[in-house]
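A short worksheet on the structure shown next.
Bear in mind the structure is a predicted one, so any value in this text is a computation, not a measurement.
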Amino acid sequence: DRYLYAGTGLQHATTLCAGSASEGLRPILVTQADTFPCAFDSIVHDLAIQKLPVTFILRQSDESSIPVDHWARLTQPIPNIMLAYPSRASQILPMLTQAVEGEGPTMMMIEDSLLVEATTEQEETEIRLGEARTVREGKDVMLACAGPISTLCLSAADQLAEYGLGVGVYEFCYLKPLDTEILKNH
């Protein structure tokens, strides 16, 4: 019901969201992925350590100077935080709902290409927190993917199948909590 434009004051916006969450609100903070490092200490100390329910959406554009794998490595050690990375537009709403209804902070990386896709794609997707989704079964090779690269992994699996390899493709919508069971079993 309330909107606030913080401009370049991401650290202040993060602290404002922390205060709002401590008063019972469920703030959502949307920013470009490039600006995320500016608020890293506020995210750790004001949100994550206190387990405050703030949803942090990082938009990743084609012009972004921070690659997605850098974002994933940087946020992995943050305590008490859920890391979400939808691979299709139909996953955004269910994952956002889980984030807002969750007990602690969530960071969700959304690539701009998915936002364009979201206006046309309407299928509802069930996402289970901390569970990888089996996209394709295979016994010889396992491709673990996260985010929109999933479509490339399926294409690679098709090409490898032409050489007689059974390639399993597993989509990790959550990087934290990570589905370690599927990794152990394949």
- Task: Side-chain contact test, heavy atoms from C-beta onward, threshold under 4.5 Å: evaluate it for Y174 versus L83 and give yes or no.
- Result: no
- Query: Hydrophobic clusters join Ile, Leu, Val, Met, Phe, Trp and Tyr when side-chain heavy atoms are under 4.5 Å apart, directly or via other members; which others share one with I149?
  - Reply: L152
- Message: Suppose we screen for side chain to side chain donor-acceptor pair (under 3.5 Å). Which residues come up paired with S42, at least two apart in sequence or across chains?
- Response: Q11
- Message: For Y170, give me all partners under ring pair (Phe, Tyr, Trp, His ring centres under 6.0 Å), at least two apart in sequence or on another chain.
- Response: H186
- Could you check if a side-chain atom of L52 sits within less than 4.5 angstrom of a side-chain atom of P105, using non-hydrogen atoms only? no
- Query: Are I49 and V44 side-chain neighbours, meaning at least one heavy-atom pair lies under 4.5 Å?
  - Reply: yes
- Set of residues satisfying side chain to side chain contact (heavy atoms under 4.5 Å, CB included) with respect to A156, sequence neighbours excluded: L143
- Query: Tell me, do L58 and Q32 make a side-chain contact under 4.5 Å, heavy atoms counted?
  - Reply: no
- Message: By the salt bridge (charged side-chain N to carboxylate O under 4.0 Å, His left out) test, which pairs, at least two apart or in different chains, include something from residues 175-186?
- Response: E181-K184
- Does some side-chain heavy atom of I43 sit less than 4.5 Å from a side-chain heavy atom of V54? no
Anything under 3.5 Å between a donor and an acceptor, one on a side chain of residues 21-31, the other on a protein residue two or more places apart or in another chain? List them.
from	atom 1	to	atom 2	distance (Å)
S22	OG	G19	O	2.7
R26	NH1	V100	O	2.9
R26	NH1	G102	O	2.5
T31	OG1	T35	OG1	2.5

- Is there a side-chain contact between N80 and L47, using heavy atoms and a 4.5 Å cut-off? no
- Task: Answer yes or no: is there a side-chain heavy-atom contact under 4.5 Å between L183 and F172?
- Result: yes
- If only atom types and distance count, is the side chain of Q91 paired as donor or acceptor with the main-chain N or O of R88 below 3.5 Å? yes
- Residue pairs passing the salt bridge (charged side-chain N to carboxylate O under 4.0 Å, His left out) test where at least one lies in residues 37-46, sequence neighbours excluded: none
- Item | Y85 versus E111, side-chain donor and acceptor atoms under 3.5 Å | yes
- Task: Provide the full list of salt bridge (charged side-chain N to carboxylate O under 4.0 Å, His left out) pairs with a residue in residues 141-161, sequence neighbours left out, each pair given once.
- Result: R136-D158
- What is the distance from atom CE of M107 to atom OG1 of T55, rounded to the nearest 0.5 Å? 10.5 Å
- Message: With side-chain hydrogen bond (donor to acceptor under 3.5 Å, both in side chains) as the rule and sequence neighbours excluded, what pairs involving residues 139-150 come up?
- Response: S150-E171
- Task: Report yes if some heavy atom in the side chain of E103 is under 4.5 Å from a heavy atom in the side chain of K51; otherwise report no.
- Result: no
- Partners meeting side chain to side chain contact (heavy atoms under 4.5 Å, CB included) with T97 (sequence neighbours left out): L93, E101
